[in-house]
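The structure displayed is predicted, hence computed values, not measured ones.
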Amino acid sequence: MVITITIRELLFPVSFLLLLPCEAGANISYPLRFAATLGICYGRVANNLPPTLEVINILKTNGISNVRIFDPDPFTLQSFSGTGINLMTGVPNEALPSLASGTPASALQWLQTNIFAHIVPSQIRYIAVGNEVLLKDSFYSPYLVPAIVNLYQALKMLNLDGTIKLSSPQAASVLSVSYPPSLGAFDPSLRAVLRPLLSFFHETKSPFMVNVYPYFSYTSSRSNQVTLDYALFGSNDMVQDGQLMYGNLFEASLDAVVHAMEKEGFAEVEVVVSETGWPKGGGEAASVENALAYNENVVRRVVGNVGTPRRPGVGIEVYLFDLFDENGKGGDECEKHFGIFGLDGVKAYDLRFNSEN
């Protein structure tokens, strides 16, 4: 059975969408709409985290009203219900095949069972479908767009398609070229999925989500292209790219994504930074001082509505990583040390999330 989807006024089947071209340079019919928003990631790959109700108190005390959780854990959702805190909730990568092969009705059942049975829809800002699927978990890549399409139709059945946006956070390394930003381009091997994904974002006015980590760009750099000062917003030397000037890797990384989307014909799809942060320990240049310097500068740019050189004055939505250290994380030791707060709720360093805390 061919499922008709809501993209392009419900006229095209999924099989056609996956082949649907979008001409480069096409005019975009809607303006950039997102205001600057600061949130935080609440990772839970640990066995020593505070009770969720204490976590909510920490968030409220610090004026944090936007939170990303990585899976729709029923108890976590129930704990946040009624708090006034907005959530980006994840759909696990392993759920994509069944969501993709099912129908909008089965996607609706999934939403009702896994999310809306536990929290009111008005607190869900985004549903993040998968995480870093294209590079970190490529087995699920063919299922990504069909799963998103079914979930979108399900939201439409509930009249929630205008208030809950669907996206899929990707690693910044989906770019094959990122320097200088104007040469930003997506990895050609990923275009078969990225183009229909971007087309969906364009049609539904949803953002492209990207996880941006200048820390890892710095530690993996094999040349002097990325200096520590440039990664930490402390460089006195500006990098010129045409008529634009860059003083830090964070803004350069975002504009590389913008340029890559422009090359694919999606010049005004918004970018949301679904993760960014700096570790306090466990690796080269990982320290409390550097974590504060990095996150403090990110916060200033969000609160100040600075935008980027390519999109000046356009508010950026950013989710800082991470609320707490996660002692169950694998990989390099530094992966366990991104927490901004200690387990007792006290900040590991004096990061202000707004002018009042």
Side-chain angles (χ1 to χ4, degrees), residues 6-7 30-44 51-92 95 99 104-131 147-169 200-201 203-209 269-275 302-303 315-320 323 353-354 356:
T6 48
I7 296 176
Y30 61 93
L32 297 171
R33 68 178 186 86
F34 289 81
T37 301
L38 183 66
I40 197 165
C41 298
Y42 175 25
R44 294 182 292 108
T52 307
L53 293 179
E54 291 183 16
V55 172
I56 292 169
N57 184 57
I58 294 169
L59 295 168
K60 286 186 170 184
T61 299
N62 288 274
I64 302 169
S65 57
N66 293 278
V67 174
R68 179 184 178 189
I69 60 174
F70 291 86
D71 62 90
D73 174 68
F75 180 76
T76 301
L77 291 173
Q78 290 165 13
S79 298
F80 275 95
S81 187
T83 62
I85 295 173
N86 301 314
L87 295 182
M88 177 197 304
T89 185
V91 176
L99 286 168
S106 61
L108 176 62
Q109 183 61 47
W110 191 94
L111 288 173
Q112 290 175 327
T113 300
N114 291 279
I115 298 178
F116 299 138
H118 311 296
I119 192 169
V120 292
S122 60
Q123 283 184 247
I124 303 297
R125 182 174 175 86
Y126 297 111
I127 295 176
V129 184
N131 186 50
I148 288 178
V149 166
N150 277 337
L151 288 167
Y152 178 74
Q153 284 209 74
L155 289 175
K156 197 170 182 68
M157 292 176 189
L158 298 171
N159 294 318
L160 294 173
D161 55 299
T163 55
I164 298 176
K165 294 300 179 181
L166 292 160
S167 191
S168 181
F200 173 87
F201 296 155
E203 293 297 325
T204 61
K205 301 181 182 178
S206 300
F208 182 88
M209 291 185 172
V269 170
E270 188 57 62
V271 176
V272 166
V273 179
S274 39
E275 293 178 31
V302 174
V303 174
I316 305 171
E317 185 162 355
V318 174
Y319 290 79
L320 298 177
L323 189 56
F353 293 92
N354 54 55
E356 299 177 357

May I have the step-by-step check of ring pair (Phe, Tyr, Trp, His ring centres under 6.0 Å) for Phe200 and Tyr152, ending in yes or no?
-> CA-CA 10 Å; Phe200 173 87; Tyr152 178 74; 5.5 Å; yes
Would you check if Trp110 and Pro72 make a side-chain contact, meaning some heavy-atom pair closer than 4.5 Å?
-> yes
What pairs with Asn66 under side chain to side chain contact (heavy atoms under 4.5 Å, CB included), at least two apart in sequence or on another chain?
-> Thr37, Asn86, Arg125, Tyr319
Mind checking the OG-CD1 spacing from Ser167 to Ile148? Nearest 0.5 Å is all I need.
-> 6.5 Å
Could you check Ile69 against Asp71 for side chain to side chain contact (heavy atoms under 4.5 Å, CB included), going step by step and ending with a plain yes or no?
-> CA-CA 6 Å; Ile69 60 174; Asp71 62 90; over 6 Å; no
Closest heavy-atom pair, Ile164 versus Pro121, reported as atoms and distance to 0.1 Å, is CD1-O, 3.8 Å
Contact summary for Ala154 and Ala107, nearest pair of heavy atoms | CB-C, 3.9 Å
Could you check if a side-chain atom of Ser168 sits within less than 4.5 angstrom of a side-chain atom of Phe208, using non-hydrogen atoms only?
-> no
Side chain to side chain contact (heavy atoms under 4.5 Å, CB included) assessment of Phe353 paired with Val303 | CA-CA 8 Å; Phe353 293 92; Val303 174; over 6 Å; no
Can you list the steps and then say if Leu99 with Asn150 is a side chain to side chain contact (heavy atoms under 4.5 Å, CB included)?
-> CA-CA 7 Å; Leu99 286 168; Asn150 277 337; 5.7 Å; no
Interatomic spacing from CD1 in Ile58 to CG in Leu53 - rounded to 0.5 Å | 11.5 Å
Just by distance, do the side chain of Gln123 and the backbone of Phe80 share a donor-acceptor pair under 3.5 Å?
-> yes
Close side-chain approach of Gln112 to Leu158, heavy-atom, < 4.5 Å = yes
Gap separating the CG atom of Leu160 from the CG atom of Leu151, nearest 0.5 angstrom | 12.5 Å
Side-chain heavy atoms of Ile127 within contact of Val129, under 4.5 Å | yes
Where the side chain of Lys165 meets the backbone of Thr204, is there a donor-acceptor pair that is under 3.5 Å apart?
-> yes
Could you tell me whether the side chain of Val271 reaches within less than 4.5 Å of the side chain of Ile316, counting heavy atoms only?
-> no
Apply the test side chain to side chain contact (heavy atoms under 4.5 Å, CB included) to residues Met209 and Met88: give CA-CA distance (whole Å), side-chain angles for both, the deciding distance (0.1 Å), then the verdict.
-> CA-CA 11 Å; Met209 291 185 172; Met88 177 197 304; 3.6 Å; yes
Taking only residues at least two apart or on different chains, which pairs with a member in residues 55-68 satisfy salt bridge (Lys or Arg N to Asp or Glu O under 4.0 Å)?
-> Arg68-Glu275
When rounded to the nearest 0.5 Å, the distance separating CZ of Phe116 from CG of Leu111 is 5.0 Å
Decide yes or no for Val91 and Asn131: does some side-chain heavy atom of the first lie under 4.5 Å from some side-chain heavy atom of the second?
-> no
OG of Ser65 to CG of Leu38: how many Å apart, nearest 0.5 Å?
-> 9.0 Å
Close side-chain approach of Arg44 and Thr76, heavy atoms under 4.5 Å | yes
Verify, without hydrogens or angle tests, whether Thr52 (side chain) and Ser79 (backbone) share a donor-acceptor contact under 3.5 angstrom.
-> no
Is any side-chain heavy atom of Ser206 less than 4.5 Å from a side-chain heavy atom of Tyr126?
-> no
In this structure, OG1 of Thr89 is separated from NE2 of His118 (nearest 0.5 Å) by 10.0 Å
